[in-house]
Novice: 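My structure is below; once you've seen it, I'll send some questions.
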Amino acid sequence: MAETHDSLHVVMLPWLAFGHMMPYLELAKLMAGKGHRISFLSSPGNIDRLPKPPSDLASLISFVKLPLPAVEQLPEGAGATSDLPYDKIQFLKKAYDMLQEPVARFLESSDPDWIMYDFAPYWAGPISSRLGIRSVFFSITTAASLGFLGPTWASKGGDYRKTPEDFTKRPNWVPFPTSVAYRHFEIEKIFDAVSRNASGVTDLYRWGAGQECCDIIAVRSSYEVEPEWLSLLKDILAKPIFPVGQLPPSNPEMRGETDSWRSIKEWLDVQKKCTVVYVAFGSEAKPSQTELTEIALGLELSGLPFFWVLKTQLGSADTESVVLPDGFEERVRGRGMVWDSWVPQLKILAHDSVGWFLTHAGWSSVVEALSFGRALILFTFLADQGLNARLLEERQIGYPIPRNESDGSVTRQSVSESLSLVMVEEKGRVYREKAKEMRPIFGDKNVQERYVNNLLNYLKEQRPVKHLKSKGITI
Ligand SMILES: *[C@@H]1O[C@H](CO)[C@@H](O)[C@H](O)[C@H]1NC(C)=O
Ligand SMILES: CC(=O)N[C@H]1CO[C@H](CO)[C@@H](O)[C@@H]1O
């Protein structure tokens, strides 16, 4: 891939979470595939852990390592949210905010056309406009989540919603009927995002301030999936809104042919076609001990084959690791496999034996599964997962395991019953069919390319005037 005279230089500044860095990187690859140059900024440890782009794009994507300053209470060596228990993430944000100077210096010296920044670096907008660099607020969450968050005045502190209960209802700026809102137990768990924290600002403030200071807003979304929400965003955010498509991972060879994949594949190869439930809750979620016990016993009760990627500890600073019920692994041996380290999720989802996915509803996992038409059974933990789940439930693309509304607890019976509903019963047929229908919508490369081209056309047309002139482009 070679640069041309109208190639752009775009800086990407994703939040220090793999669920954010990966879709940013996916978009970076698609843009580099069109000859544009990307500088991808993150902590050194994260960059070392990210999959390497394919060799034909490697020269166009430069990874820029920004060491994180030491912050009291932030465990040494932690560079991403997945290295930390939930209550320590505020210190990672505090360290991240201290990157303002290094980021400004990088922007000044490299003079890109555009920067694409995430919700956490809400300070990137003002820095860029001071330097005459244009900016995109790029949200890796769905348009529904952004719509639920609301206009910037709301997220910046003027929200009429004050109690957790307020966040369980449709916001008053949403004019169409929808069930997209948190459930009681979901918002209770994350309500501190609404309050001040060690970093000095709330998460909501970061979203609002970041959206307010950019030139345009890009969303990991598509008109095929969220037409009503995308049109709402135009109204409430009063900025050009660009869906960038669902960004299905383009490169299932991530991290190469590892030994772990060889043993996983060996196990999957001997299972019957389309029978295995893949169970995984993303890099940041760890079930509580009671949840873990009930999910395990539910899987056991169901009698179904499963492959479970289980995180029992969130980084070495996590003192509350969880354990499987006594004798569980012996009892399910042969039909169930529990894996406690990183897996090539995309390859597992792509395997013929896998038919179903018990997921936390993180959007990257949803996209990966639907791009193979795998039916979804939902069990949410944190962040925007509840909102994603409602969106999927309302479109009958995902089935939520019934839970106690007030504390979110789940029973082994409801786990087992939900699995058989989606997998075998007549009542669950709609979930199986919808998942198949979604396959081209989430996985089609041409659909994806259209969205990226549309964004790129705008970025080219609207590049900073000084750069147009220096490249001899007349306006
Ligand atoms: C749900 O949880 C609450 C709080 O733990 C408890 O009081 C209630 O009895 C539970 N409801 C059901 C139906 O189990
Ligand atoms: C200063 C402050 O309010 N800290 C809170 C930030 O949020 C965490 C949970 O993520 C709480 O434990 C802190 O008390």
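Both counts, for ligands and for their atoms, begin at 1 and track the order of listing.
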Novice: State yes or no: are the ring centers of Tyr182 and Phe148 separated by less than 6.0 Å?
Specialist: yes
Novice: Of Val343, Val279, Asp340, which meets side-chain contact (heavy atoms from CB on, under 4.5 Å) against Val309?
Specialist: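 Single pass found, and it is Val343.
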Novice: Please determine if Arg403 forms a cation-pi arrangement with Phe379, meaning its NZ or CZ atom is less than 6.0 Å from the six-membered ring centre and no more than 45° off the ring axis.
Specialist: yes
Novice: Does anything in residues 410-421 form a salt bridge (charged side-chain N to carboxylate O under 4.0 Å, His left out)? List the pairs, not counting sequence neighbours.
Specialist: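 Salt bridge (charged side-chain N to carboxylate O under 4.0 Å, His left out) check on residues 410-421 returns Glu294-Arg412.
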Novice: Any chance NZ of Lys94 has more than 12 other-residue heavy atoms, nucleotides or ligands included, within less than 6.0 Å?
Specialist: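 Counting other residues, nucleotides and ligands, NZ of Lys94 stays at 12 neighbours or fewer.
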Novice: Are there over 12 heavy-atom neighbours, none belonging to Glu72, within less than 6.0 Å of that residue's CD?
Specialist: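 Incorrect, the count does not exceed 12.
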Novice: Pairs under 3.5 Å, N/O atoms on ligand 1 and on the protein: can you put them in a table with the distances?
Specialist:
unit_1	atom_1	unit_2	atom_2	d
ligand 1	2 (O)	Asn404	OD1	3.3
ligand 1	2 (O)	Asn404	ND2	2.3
ligand 1	2 (O)	Ser406	OG	3.3
ligand 1	2 (O)	Asp407	OD2	3.4
ligand 1	5 (O)	Asp407	OD2	2.8
ligand 1	11 (N)	Asn404	ND2	2.8

